[in-house]
Amino acid sequence: MPEGPELHLASRFVNDACRGLVFGGCVEKSPVSRNPEVPFESSAYCISSSARGKELRLTLSPLPGAQPPREPLALVFRFGMSGSFQLAPSEALPAHAHLRFYTAPPGPRLALCFVDIRRFGHWDIGGEWQPGRGPCVLLEYEQFRENVLRNLADKVFDKPICEALLDQRFFNGIGNYLRAEILYRLKIPPFEKAREVLEALQQHRPSPELTLSQKIRAKLQNPDLLELCHSVPKEVVQLGGKGYGPESGEEDFAAFRAWLQCYGMPGMSSLQDGRGRTIWFQGDPGPLAPKGGKSRKKKSKGAQQGPEHGSEDPLLPSTAPSRTRGAQRGLSEQTTAWQPEGTSLSQDPEVPLVPKKGRRRGRPTTSGPRRPQKIKAENGGT
């Protein structure tokens with residue numbers, strides 16, 4: 001599922017791909033999408049993008065002299081489990097292109113498409129970031145840190161740290177693979193009580209006798225959890241690659257997979273948290289681990305069984321037409337429920353939560369990440 005770094009890479013892709021392009025006409029929505037129509041028409045406009053946490057803003061800005069005269073319009077996207085942007089020829093639109101912005105003549109007609117195989121993505125008209133989301137872990141680090149430490153009395157911090165890290169009111173941009181990597185680096189059991197992990201950071205102050213360079217060096221050598229919530233996503237962005245687009249593929253994904261240390265890696269254990277999300281870790285899960293939950297350890301490559309024996313790999317590329325990193329990662333946590341409006345930000349809001357068939361609601365389940373399902377590609381939806 002796309003997390004903060006993927007949204008920032010998507011924004012970078014949109015700005016690079018649309019630089020110098022002039023768009024025109026109406027914005028076209030797929031008839032199967034449940035998202036709102038976009039009431040925008042202009043003979044000539046440009047598109048720019050910015051990202052914050054797990055949201056991306058597109059701004060449609062009419063050029064001087066464009067008809068009809070109108071103000072710019074902004075849209076805020078949340079990618080759900082498989083959202084991405086692609087630029088494609090208008091006569092060869094990608095499957096599941098649910099929102100399309102077409103270039104104006106002359107020249108070959110292109111379309112900037114919001115592609116969403118699973119259809120959990122959403123866009124809002126008006127350009128306002130979703131209320132209640134905390135500061136961005138990537139771009140607003142000082143505000144993010146202050147927001148967490150100022151609100152440790154919130155009941156979410158009674159939960160395991162692995163669950164608190166998905167609360168977008170405080171950790172805007174952190175998702176499933178990032179939480180695993182952050183906790184693994186600090187050797188923090190995922191089911192330690194969040195408040196106990198974070199309260200120590202309120203008391204931590206560097207010695208006033210240290211010089212500025214010594215303070216910086218100490219932070220780099222011994223970062224705390226909140227610092228890693230900023231630096232680890234930044235590492236993913238700095239991996240580079242082409243980001244989002246049909247030309248992205250194995251090369252970009254291989255760099256990401258080589259970067260991973262914990263999430264889905266051989267030798268790591270996994271449990272399902274209270275929301276049914278799989279958390280990967282090493283060692284003791286911690287005192288708040290689900291009762292009756294049995295940790296499953298991923299076998300090393302040499303010991304893994306083939307697909308016919310039901311082996312699971314959360315990082316296998318998607319079998320769908322889109323080969324973006326967001327789609328590849330997102331399909332590891334699949335479900336088939338529609339994400340309802342107004343989902344609380346106290347959970348990772350892009351994750352639809354449904355009980356598995358044959359299991360009682362609330363009963364802890366333990367399994368490795370699910371193998372990507374085969375997806376039937378149709379024109380405009382699944």
Tyr177-Glu3 side chain donor-acceptor pair, cut-off 3.5 Å = no

Would you please indicate yes or no on a ring centroid separation below 6.0 angstrom for Phe170 and Phe157?
-> yes

Looking at the rings of Phe85 and Phe77, which for Trp means the six-membered one, are their centres under 6.0 Å apart?
-> yes

How about Phe120 and Phe79: are their ring centres within less than 6.0 Å of each other?
-> no

When the side chains of residues 66-74 are checked against the rest of the protein, which donor-acceptor pairs come out under 3.5 Å, sequence neighbours left out?
from, atom 1, to, atom 2, distance (Å)
Arg70, NH1, Pro39, O, 3.2

Please work out whether the ring planes of Phe144 and Phe171 are parallel, tilted or perpendicular, with thresholds of 30° and 60°.
-> perpendicular

Pairing residues for Trp259 by the side chain to side chain donor-acceptor pair (under 3.5 Å) criterion, not counting sequence neighbours = Glu235

May I ask you to check if Arg78 and Trp123 form a cation-pi contact, with NZ or CZ under 6.0 angstrom from the six-membered ring centre and within 45° of the axis?
-> no

Decide whether Ser82 and Asp116 meet the rule of one side-chain donor and one side-chain acceptor closer than 3.5 Å.
-> yes

Might you confirm whether atom NZ of Lys234 has over 12 heavy atoms from other residues, nucleotides or ligands at distances under 6.0 Å?
-> no

Are Ile174 and Trp129 linked, directly or through other ILVMFWY residues, by side chains that come within less than 4.5 angstrom of each other?
-> no

Stacked cation flag Arg109 on Tyr102, 6.0 angstrom / 45 deg = yes

